[in-house]
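Reckoned from all heavy atoms, side chains included, excluding hydrogens, waters and symmetry mates. Counting convention: from 1, in listed order, for ligands and their atoms alike. Positions are given from 1, in the same order as the sequence printed here.
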Amino acid sequence: MGHDGLARVKREIEEAARAAGRDAASVTLIAVSKTFAEADIVPVIAAGQRHFGENRVQEAKGKWPGLRRQWPDLRLHLIGPLQTNKTAEAVALFDAIHSIDRPKLAAMVAREIEAQNRRPQLFIQVNIGRENQKAGVDPDGADGFIGLCREGHGLTIAGLMCIPPADADPRPHFEELARIARRNGLTGLSMGMSGDYEVAIEEGATQVRLGSAIFGGRG
Ligand SMILES: *Cc1c(COP(=O)(O)O)cnc(C)c1O
């Protein structure tokens, strides 16, 4: 795992991109390092990986500041839910936030962007499978929420993010996310995890978020 896993997924991303008639450079690989320690992460950085994903602000605050001093070109992505009381820390720490999903959070993020003069890339999370327990805006409310973020809060939105239902064919969900993005003029699609990233790339993913395929199981 670690750098071997990285080499393997990079080859597979290239193959999937080629099969889809896409340039592999149009797919950003985010190595999801949540629950893994610095000792597991360092070999992956040393092998050239620069984008990393964490799902908790607190955990990221403990792990990343030291690594970023050593490798200033690292890019850190928040891929997990963001509580409004952590917004200031998240805007200060992350280069991208993939979980913008409600009006209050959009307002708080806008305020912190202004206050800190930092501009993380922002993705709106869509609850693409319309699952009760899952975060994200309802697909039917996505156009309205994107408009609110842009016009109401002056946010620049990079794209959409989703986590399809666990036991379903992900393809129709990736297709729907791509449709919502297209009709809103958004080019970023953060979709695809270890189990389904090849399909996601076929359906237009620009950011894939891979944890276990690189680092192994989280136990
Ligand atoms: C954990 C996580 C991932 C990575 O999952 P793997 O199946 O290990 O690749 C991707 N996206 C989100 C939002 C996650 O929480």
Practice task
Return the residue, atom name and 0.1 Å-rounded distance of the protein heavy atom closest to atom 1 (C) of ligand 1.
Solution key: Lys34 NZ, 1.4 Å

Handout entry: Residues forming a side chain to side chain donor-acceptor pair (under 3.5 Å) with Asp23, sequence neighbours excluded
Key = none

Handout entry: Salt bridge present between Glu176 and Arg130 (N-O < 4.0 angstrom)
Key = yes

Exercise for the section: Could you list the atoms of ligand 1 found under 4.0 angstrom from a heavy atom of Arg209? Expected result: 4 (C), 9 (O), 10 (C), 11 (N), 12 (C), 13 (C)

Problem - Ligand-side contact atoms (ligand 1) for residue partner Leu210, heavy atom cut-off under 4.0 Å - result: 9 (O)

Practice task
Determine whether Met191 and Thr206 make a side-chain contact, defined as any pair of heavy atoms from C-beta on separated by less than 4.5 Å.
Solution key: no

Exercise for the section: For atom 12 (C) of ligand 1, grab the closest protein heavy atom and report residue, atom and distance to one decimal in Å. Expected result: Ile79 CD1, 3.4 Å

Exercise for the section: May I ask you to identify, for Arg218, whether its side chain, its backbone, both or neither come under 4.0 Å of ligand 1 on a heavy-atom basis? Expected result: side chain

Problem - Heavy atom of the protein closest to atom 6 (P) of ligand 1 (residue, atom name, distance) - result: Ser194 OG, 3.5 Å

Practice task
Would you check the N or O atoms of Gly211, main chain and side chain alike, for any that come under 3.5 Å of an N or O of ligand 1?
Solution key: yes

Problem - Protein contact of atom 5 (O) of ligand 1 - nearest heavy atom, named by residue and atom, plus distance - result: Met193 CE, 3.5 Å

Exercise for the section: Measure the acute angle between the ring planes of Phe36 and Phe215, then classify it against the limits of 30° and 60° as parallel, tilted or perpendicular. Expected result: parallel

Practice task
Check whether any side-chain heavy atom of Ile79 lies under 4.5 Å from a side-chain heavy atom of Asn55, and answer yes or no.
Solution key: yes

Handout entry: His98 and Phe123 aromatic ring geometry - parallel, tilted or perpendicular at 30°/60° bounds
Key = parallel

Handout entry: Sub-4.0 Å atoms of ligand 1 with respect to non-hydrogen atoms of Ser212
Key = 6 (P), 7 (O), 8 (O), 9 (O)

Handout entry: Where ligand 1 meets Ile163 - atom numbers and elements under 4.0 angstrom, heavy-atom basis
Key = 13 (C)

Exercise for the section: Under the side chain to side chain donor-acceptor pair (under 3.5 Å) rule, collect the residues that match up with Glu114, sequence neighbours excluded. Expected result: none

